[in-house]
Amino acid sequence: MRNIKILNLYNEALELNGDTMNVTAFTNRLDEMGYGYEVSTAGVGEEADFSAFDIVFVCHGKPHNVSAVSADFVRRREAFIAAVESGTPMLFTGSANMLLGKSFSMQDGKTYEGIGLFDFTCTEFDGMYVSDAVLAPSFAPEQRMFGTYYRCEDVTFGKDRPNLFRVSKNLGGEGAVGAEEGFRKGNLFATWVLGPVLARNPLMLKELLRLVLGEDYRETDFSLEQRAVDMILAEIG
């Protein structure tokens, strides 16, 4: 029986808005499938061999928390990018995405380095952008998911933008229909969608489970979760 190794990186510094439930949603399904698992954590200054894990989670945090871990993440750049290129599944949510860009600037004027995996920069603003959206995932473009945003960063994109989602409907006024959302590189999924996204979207949870388990993936009953998504999507229209 496989024992799945999970890394929850910077779990104490980040994990805002209940996004640690992405890890819980994932492990609950492993339980139902009969697989064992081990969740490891690593904070600033603590070592973590990305190649030793089956999946990596980095959850949403306030921008000042993300800035506090940025230097530590940058020192991990080479090992992290090697894990991405080797196909290790990963999920970044919310402001944690700022670590994946070129740099991000805070309201106090300080700028912090990212690892430059994707071509974008971020700037923190005074306020909060909140929106619900209907999204078409790149891994299943004919399907629809639900997402909620709580964001206080403006994002400036370069030319290279391998998107994770395409926006089908946005209720907050920002992000035109047809716009791209999030990032994907190999098996790394990065999105500003909160919720938490895996607890509210069985489609994405199943996709990550399949990437981790491969031929060992076993179907479980997602009917209740799917009914909840369908009700939300019907209400949004």
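These figures come from a predicted structure and were not determined experimentally.
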In sequence, state the C-alpha distance, the side-chain angles, and the governing distance for Phe80 and Phe92, and then conclude on ring pair (Phe, Tyr, Trp, His ring centres under 6.0 Å). CA-CA 13 Å; Phe80 180 82; Phe92 279 63; 5.7 Å; yes

Check this for me, if you would: do [X] and [Y] make a salt bridge, where the nitrogen-to-carboxylate-oxygen distance has to be below 4.0 angstrom?
X      : Y      : result
Asp72  : Arg75  : yes
Glu47  : Arg76  : no
Arg166 : Glu180 : yes
Glu113 : Arg77  : yes

Give a yes or no on this: more than 12 heavy atoms of other residues, nucleotides or ligands lie within 6.0 Å of atom [atom1] of [X].
X      : atom1 : value
Glu12  : CD    : no
Glu215 : CD    : no
Glu235 : CD    : no
Lys185 : NZ    : no

Scan [options] and name whichever one has a side chain to side chain contact (heavy atoms under 4.5 Å, CB included) with [X].
X     : options                    : answer
Ser95 : His64, Lys62, Glu153       : Glu153
Phe50 : Ile81, Val56, Val84, Thr88 : Val56
Phe53 : Val212, Leu7, Leu9         : Leu7

- Heavy-atom side-chain contact between Phe104 and Glu124 under 4.5 Å: no

message: Looking only at the side chains, is there a donor atom on one of Gln226 and Asp230 sitting less than 3.5 Å from an acceptor on the other?
response: yes

Residue pair [X] / [Y]: nearest heavy atoms and the distance that separates them:
X     : Y      : answer
Ala52 : Lys5   : O-CD, 3.5 Å
Cys59 : Thr93  : CA-OG1, 3.5 Å
Asn97 : Ala190 : OD1-CB, 3.2 Å

Polar side-chain atom of Tyr35 near backbone of Leu213 as donor-acceptor pair, under 3.5 Å = no

Q. Can any side-chain N or O of Asp132 pair as donor or acceptor with the backbone N or O of Thr148 at less than 3.5 Å?
A.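 Judged by distance alone, no pair lies under 3.5 Å.
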
For Asp216 and Met33, run side chain to side chain contact (heavy atoms under 4.5 Å, CB included): C-alpha distance rounded to whole Å, both residues' side-chain angles, the deciding distance at 0.1 Å, then the answer. CA-CA 10 Å; Asp216 295 329; Met33 294 179 186; over 6 Å; no

query = Which word best sums up how the rings of Trp192 and Phe120 line up, parallel for under 30°, tilted for 30 to 60°, or perpendicular for over 60°?
reply = perpendicular

